[in-house]
Each structure stands twice: as structure tokens, then as C-alpha cells.
Peer 1: 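Please read through the structure below; I'll follow up with questions.
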Amino acid sequence: MAGFNKVVESYEAAMAGLQDDMTVIAGGFGLCGIPEGLIAQIKKMSTKGLTVVSNNCGVDGFGLGLLLEDKQISKMVSSYVGENALFEQQLLNGELEVELTPQGTLAEKMRAGGAGIPAFYTATGFGTPVGEGKEARKFNGRDYILEESITGDFAIVKAYKADRYGNCIYRHTAQNFNPMAATAGKITVLEVEEIVEPGELSPSEIHTPGIYVDRIIVGQFEKRIERKILSSASSNQ
Amino acid sequence: MSLSREQIAMRVAQEFGDGHYINLGIGIPTLAANYVASDIEVMLQSENGLLGMGPYPSEAQVDADMINAGKETVTAATGASIFSSAESFAMIRGGHVDLTVLGAFEVDCRGNIASWMIPGKLIKGMGGAMDLVAGAQNIIVTMTHADKHGNSKLLEQCTLPLTGVNCINKIITDLAVLEVKDGAFHLIERAPGVSVAEIQSKTAGKLVIGDNVSEMMF
């Protein structure tokens, strides 16, 4: 059934149409709130030459780091890429290009892209290497640079619960870049922990309205923790 | 004696005002959360999308969906809210965060900061630092006054690629508290047992020494 039933039954169907040299926008912050199964599917498809837009590039052997193993990524647009030895190696070899983008600018590029805004001015990065070559303009005596928005051929998004319309909610700080990513894909795929009956999520609690969502799949998540730190009271026990 | 990391953090916490929304960077700034005065209430912002960051969790509270901007497990304080990265940086860029405290490699006497990139070394990225220094109302840098070779980090002009321009208001080092204004560092306080002469000798940029340089109180 098509219509407003966006739920697909296989990862093949979820990522159908992904081709070499496409741009994929991925939600997630570090390993928190990442679409684990959709990333695994891209690895399985062996798609090459991808531009991946995501705050980070996972770690060795997990998250987006998996896509480095077979050199599927040719360019990363990220704010911080420090947790990954393979990334470092491919960068130094010239096999991988990285466009470092301030975190807030990256979020806004996705948000603007999804909202049909081609570019915006921001003070972030003025007078730094990020501002080099970009149009600068003063507003009310302050300097700003023009940053272009980002859209993707695909957006891969991790949500907590969704209904078949694609209305979804995120859980805790697993929200992060996911809502903006969801708006900025020509094809937006949600990987969720649970599909709920329509009406179960209150209309006023929806984080991402279904209009942005094309496909939904239920995933199994490892939810690996990057830095488990306990309160001193509990770690002294 | 120069201050320990904990003492720098304690001095940073004295800058916190009642009712302030504060973003603390990784390292010494984060330690300052342990020294918030008992008679004030502050709300910590973590730029991955949490306003009202609580302490680290107990083993039973650990939740993979609950992390801070350093990707560490964390809890939410009473009164917290959680939101998207775009919302988080809207508060930062929109000037709604009262105070940002972050580390740096260099600061110069025009308030420029270099904190993310050393040419020739692998560049990991700026994360949210450029947005934070462009957006917060008040920005404090914490760092050691000089590097391990004794070279000053308080310069006439930054030598490394910048994180932001004309944005740093105050610097808290292991030796001193300084304000940055009118193209100079202004010495406000010295660490206990540290002489003004030592601070002068380790400050490469223009230093203005007032008549009443007080000793830090803890």
C-alpha cells in the first residue's frame, strides 16, 4: 500500500535509488542518534564516490566509519572528525576530501536547505579560514559571511517513534541533527525504534511532520556509547 | 605558585552569575561546573541540544541517547530542555547564552582567539567553537599563560588560524585574570604567590597593570 503508508519492509527498499556520487545527509552527533541499519545498508550496496554531510564521521568500525572501510566516501562535510584513524589515513592519502564547517553553520545549512533558503549570512567564521573566499557583508556594524545551504539526494535519519505517515519523535539528545537532516533530503529515510499506530503520538508532540519523510523502516540499534563517564559518587563505589 | 586545573576552574566559577545560561567547553571549563556557588542557580547549555545539563550519570542512569557535546554520558537537570542542533545554535548565535568559557592555543590583545588548528598538524575540526565565540554575550578563555617551553600564549597578534575575531572579554590563566579591552590585556588579579613581574614577563602582548592588582581569592 502506498499513499501515506511509508513503511518499507527491507533495507534494500529503504535505500533503493542510492547511486554512486550522490550526496547523503546523515543525522547524529558522534554515535548518538545515528541510523545504524541504513549506514550498514549503504556499506552493503558498495555505493562509491559519496558526499556525506554529517557532524562527525563515526569511529573506526562503527557508524559512518564503516563507509570508510571500502572507500565509499569521497567527501565529508563535518564540524569535527577527530575519532577515526582510517579517516585520518584516507585524508592524508588524498583519497578523501573534508570540508570542515562550524557546527552551527552546518545545522543551519541543513535547516535552510530543507526550507528552500539558498544561503544565509552568519557572523560565525568571519575573519577565520572558514570565511576565506566567501562574500562578506556588514549589517548594523557587524561583519557576516554568506554561507550556502545544503540539500541531499538522500537524508538518513534516526528517530525514536514514528507512525506510518512519517510523523516522528526523537529521544533525548539523539535528536541533534536529525530533524534538520530530515527536511533536507530529496528522499528522506527514517530508521526508527518503533512504529506506532496513527494517533498514538499527539499532533502537538511531533518533532518532524511526516511531509518531510518518504520511507520508514524499523531498525535494531546497538547504540554504542562513545564515552561512558559516571558520576564520581558512583564510580568510587 | 601557578594555579592547578581545579583552581583555574574554581576561579572560572566565580564568574557565574545567578540566573545565567552558560556554555562550558571541554577540559578546564567543564570542571568549573563542580564549583558553582551554592547560593546561585545557573543553567548549563550543551551545544548538541541540551539546556540544563546535569551531573554524570550513575551506572543505572546511563542512557546512550543522553550525551553532552563532549560525547560523554550525562543527565538532565531539573528544568532542562532538549532540542535540535539548529535550535541549539539559534540560542548561541542569537546571543541568548550569557557566558561561554572555552580553551585556546592563543589569544591576542584585540580579543582574537585561535583554538582549533595548528598548521602542519592534523586538523580535526572546529566543532561548535566558532559559533560560540561569534554568538555569546560574554566569552572567557581559560588556558595556561605560557606553553610548556615558556612561550607566552597572550600575544600582540595571534599567529595561528583564528577561531573568531575581536570576541574575547576575559582570560583566566594559571597565573592571572586579565580583561581584554582597548587593544590591551588589563591585569586584574594575580594568582596567590605569583608576582606581577612574572605575569609581565610571560605576557607578550601589550599589558596594562592597574594600581590595584588583587590576589585571587578562593
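Chain letters run A, B, ... following the sequence lines, proteins first, then strands; residues in each count from 1. Predicted model only: the values in this text are computed from it and were never measured.
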Peer 1: Between B:Asn112 and chain A, with a heavy-atom cut-off of 4.5 Å, which part of the residue counts as in contact: side chain, backbone, both or neither?
Peer 2: neither

Peer 1: Chain B heavy atoms under 4.5 Å from A:Leu31: which part of the residue, side chain, backbone, both or neither?
Peer 2: neither

Peer 1: Would the distance check show the side chain of A:Thr173 and the main-chain N or O of B:Ile67 forming a donor-acceptor pair, the cut-off being under 3.5 Å?
Peer 2: yes

Peer 1: Could you name the residues of residues 131-149 of chain B that have a heavy atom within less than 4.5 Å of a heavy atom in chain A?
Peer 2: B:Asp131, B:Ala134

Peer 1: So what's closer than 4.5 Å to chain B heavy atoms on A:Ile225: side chain, backbone, both or neither?
Peer 2: side chain

Peer 1: If we define contacts as heavy-atom pairs under 4.5 Å, which of B:Cys167, B:Gly128, B:Gly164, B:Ala90 has the most with chain A?
Peer 2: B:Gly128

Peer 1: So which of A:Ala107, A:Pro102, A:Ala123, A:Pro179 has the biggest tally of heavy-atom pairs under 4.5 Å with chain B?
Peer 2: A:Pro102

Peer 1: Using a 4.5 angstrom heavy-atom cutoff, name the option from A:Asn55, A:Asn84, A:Thr122, A:Leu92 with the most pairs to chain B.
Peer 2: A:Thr122

Peer 1: Do A:Arg171 and B:Asp63 make a side-chain contact, defined as non-hydrogen atoms from C-beta onward lying under 4.5 Å apart?
Peer 2: yes

Peer 1: So does A:Gly104 get a backbone contact from the side chain of B:Arg93, meaning a donor-acceptor N/O pair under 3.5 Å?
Peer 2: yes

Peer 1: Below 4.5 Å from any heavy atom of chain B, which atoms of A:Asn178 appear? Answer side chain, backbone, both or neither.
Peer 2: neither

Peer 1: Using salt bridge (charged side-chain N to carboxylate O under 4.0 Å, His left out), reason through A:Arg111 and B:Glu87 one step at a time and then give a plain yes or no.
Peer 2: CA-CA 10 Å; A:Arg111 197 199 68 78; B:Glu87 184 76 47; over 6 Å; no

Peer 1: More than 12 non-hydrogen atoms from neighbouring residues, nucleotides or ligands closer than 6.0 Å to CD on A:Glu205, yes or no?
Peer 2: yes

Peer 1: Is there a side-chain contact between A:Thr124 and B:Met126, using heavy atoms and a 4.5 Å cut-off?
Peer 2: no

Peer 1: Is it true that atom OH of A:Tyr212 has more than 12 heavy atoms of other residues, nucleotides or ligands lying nearer than 6.0 Å?
Peer 2: no

Peer 1: Anything in residues 125-147 of chain A with a heavy-atom distance to chain B below 4.5 Å? Please list those residues in order.
Peer 2: A:Gly125, A:Phe126, A:Gly127, A:Thr128, A:Pro129, A:Val130, A:Arg142

Peer 1: Determine the minimum heavy-atom distance between A:Lys223 and B:Ala64, stating which atoms define it.
Peer 2: O-CB, 3.4 Å

Peer 1: CD/A:Glu226 to CD/B:Glu72 distance, rounded to the nearest 0.5 angstrom?
Peer 2: 10.5 Å

Peer 1: Under a 4.5 Å heavy-atom cutoff, which of A:Gly27, A:Cys32, A:Gly30 has the most pairs with chain B?
Peer 2: A:Cys32

Peer 1: Is the shortest heavy-atom distance from the side chain of B:Phe89 to the side chain of A:Glu108 under 4.5 Å?
Peer 2: no

Peer 1: How long is the span from the NZ atom in B:Lys124 to the OG atom in A:Ser79, to the nearest 0.5 Å?
Peer 2: 13.5 Å

Peer 1: So which of B:Ser88, B:Gly49, B:Ala69, B:Ala129 has the biggest tally of heavy-atom pairs under 4.5 Å with chain A?
Peer 2: B:Ala69

Peer 1: Heavy atoms under 4.5 Å from chain A: which residues of residues 73-84 of chain B carry them?
Peer 2: B:Thr73, B:Ile82, B:Phe83, B:Ser84

Peer 1: Give the member of B:Asn68, B:Leu162, B:Asp65, B:Thr163 that has the highest number of heavy-atom pairs under 4.5 Å with chain A.
Peer 2: B:Asp65

Peer 1: Is chain A contacted by the side chain of B:Ile92, its backbone, both, or neither, given a heavy-atom distance below 4.5 Å?
Peer 2: neither

Peer 1: Could you state the interatomic distance from OG (B:Ser85) to CE (A:Met180), rounded to the nearest 0.5 Å?
Peer 2: 4.5 Å

Peer 1: So which residues of residues 20-48 of chain B are in contact with chain A at a heavy-atom cut-off of under 4.5 Å?
Peer 2: B:Glu47, B:Asn48

Peer 1: Heavy-atom pairs under 4.5 Å with chain A are the metric here; pick the option from B:Gly70, B:Pro55, B:Ala60 that has the most.
Peer 2: B:Gly70

Peer 1: Can you tell which part of A:Ser78 gets under 4.5 Å to a heavy atom of chain B, answering side chain, backbone, both or neither?
Peer 2: neither

